[in-house]
Amino acid sequence: SVPANVDLKVKDGTRVTFNVVPDSGYSFDQINIGGTNSTLNPSEISSLTSDKTITASVVKSHTIKVAKPVNSLVKVNYTAPLGGIAKDTTFTSSSLSVDSIVVKDGTDLTVTVTPETGYEFLNMFIGLDEFTANPKTVTSVSEDLAITTAVVKKKYLVTIKPSDHG
């Protein structure tokens, strides 16, 4: 539900802070203060000296949980809700047991697994789907997702050719 407009009377020179608290499933996008956009939340006017109209924007968002990688790095490239900036987040074995990021509804994200020396990529699960491609791009995220990845020890073939005489 959208609340009704609120008019406040504030003394000249007052510091005013605005904190946008989105409903569950949504993330802060930006705030417009008197015609100036900001991606800071909370935002403030250090000294109010004229009438201002404040408008906040929120976007539908989804949580992407990334399980702690073992013997590898996992990089997720995506567009963050805050200001729509493309960015990379890297998860390592020293990360928390499960880390998460928040993405805008409809965001494309790319998952890249980089195995440590002596290991090779096996697969990744994004939601319930298994993928053997690396990197893997998920287009237009429309739900919360869990990502798990797997790498295995490399195996090498050793061929022994005996000499003709022993």
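The structure presented is a predicted model; accordingly, all values stated were derived computationally and were not measured. All values below come from the heavy atoms of this structure, side chains included, with hydrogens, waters and symmetry mates left out. Residue indices begin at 1 and follow the sequence shown.
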query: Thr110 and Thr137: side-chain donor and acceptor closer than 3.5 Å?
result: yes
Any side-chain heavy-atom pair of [X] and [Y] under 4.5 Å:
{"X": "Leu145", "Y": "Lys65", "answer": "no"}
{"X": "Val151", "Y": "Val113", "answer": "yes"}
{"X": "Ile147", "Y": "Val111", "answer": "yes"}
{"X": "Tyr119", "Y": "Thr117", "answer": "no"}
{"X": "Ile126", "Y": "Lys136", "answer": "yes"}
{"X": "Asp105", "Y": "Val141", "answer": "no"}
{"X": "Asn77", "Y": "Leu109", "answer": "no"}
{"X": "Ile33", "Y": "Ser43", "answer": "yes"}

task: Take atom CG of Asp51 as the centre, draw a 6.0 Å sphere, and report whether it contains more than 12 heavy atoms from other residues, nucleotides or ligands.
output: no
- prompt: Does atom NZ of Lys52 have more than 12 heavy-atom neighbours from other groups under 6.0 Å away?
  reply: yes
Working to the nearest 0.5 angstrom, can you tell me the gap between [X] [atom1] and [Y] [atom2]?
{"X": "Ile101", "Y": "Lys87", "atom1": "CD1", "atom2": "NZ", "result": "8.5 Å"}
{"X": "Asn37", "Y": "Gln30", "atom1": "CG", "atom2": "CD", "result": "4.0 Å"}
{"X": "Glu116", "Y": "Lys153", "atom1": "CD", "atom2": "NZ", "result": "9.5 Å"}
{"X": "His62", "Y": "Ser27", "atom1": "NE2", "atom2": "OG", "result": "9.5 Å"}
{"X": "Thr148", "Y": "Phe125", "atom1": "OG1", "atom2": "CZ", "result": "6.5 Å"}
{"X": "Lys60", "Y": "Tyr26", "atom1": "NZ", "atom2": "OH", "result": "5.0 Å"}

Common cluster, Tyr156/Phe121, ILVMFWY with side-chain heavy-atom separation under 4.5 Å: no
- prompt: Tyr78 and Leu73: same hydrophobic cluster, using ILVMFWY side-chain contacts below 4.5 Å?
  reply: no
Return the minimal non-hydrogen interatomic distance between [X] and [Y], and the atom names on each side.
{"X": "Thr92", "Y": "Pro69", "value": "O-CD, 3.5 Å"}
{"X": "Asp144", "Y": "Ser61", "value": "OD1-O, 4.5 Å"}
{"X": "Phe91", "Y": "Ser100", "value": "CE2-N, 4.4 Å"}
{"X": "Ile160", "Y": "Pro162", "value": "O-CD, 3.6 Å"}

- prompt: Lys161 and Thr159: side chain to side chain contact (heavy atoms under 4.5 Å, CB included), yes or no, with the steps?
  reply: CA-CA 6 Å; Lys161 293 185 177 183; Thr159 303; 4.3 Å; yes
- prompt: Looking only at atom types and distance, does a side-chain atom of Lys68 sit under 3.5 Å from a main-chain N or O of Ser93, one as donor and one as acceptor?
  reply: yes
- request: Determine, for Asp29 against Lys104, whether the closest basic-nitrogen to carboxylate-oxygen distance falls under 4.0 angstrom.
  value: yes
Which pairs would a plain distance check flag for residues 7-20, meaning a side-chain donor or acceptor within less than 3.5 Å of a matching protein atom at least two apart in sequence or in another chain?
| unit_1 | atom_1 | unit_2 | atom_2 | d |
| --- | --- | --- | --- | --- |
| Thr14 | OG1 | Lys11 | O | 2.6 |
| Arg15 | NH1 | Glu44 | OE2 | 3.3 |

- request: Please test Val76 against Asp88 for side chain to side chain contact (heavy atoms under 4.5 Å, CB included), starting from the C-alpha separation and ending with a verdict.
  value: CA-CA 6 Å; Val76 180; Asp88 293 323; over 6 Å; no
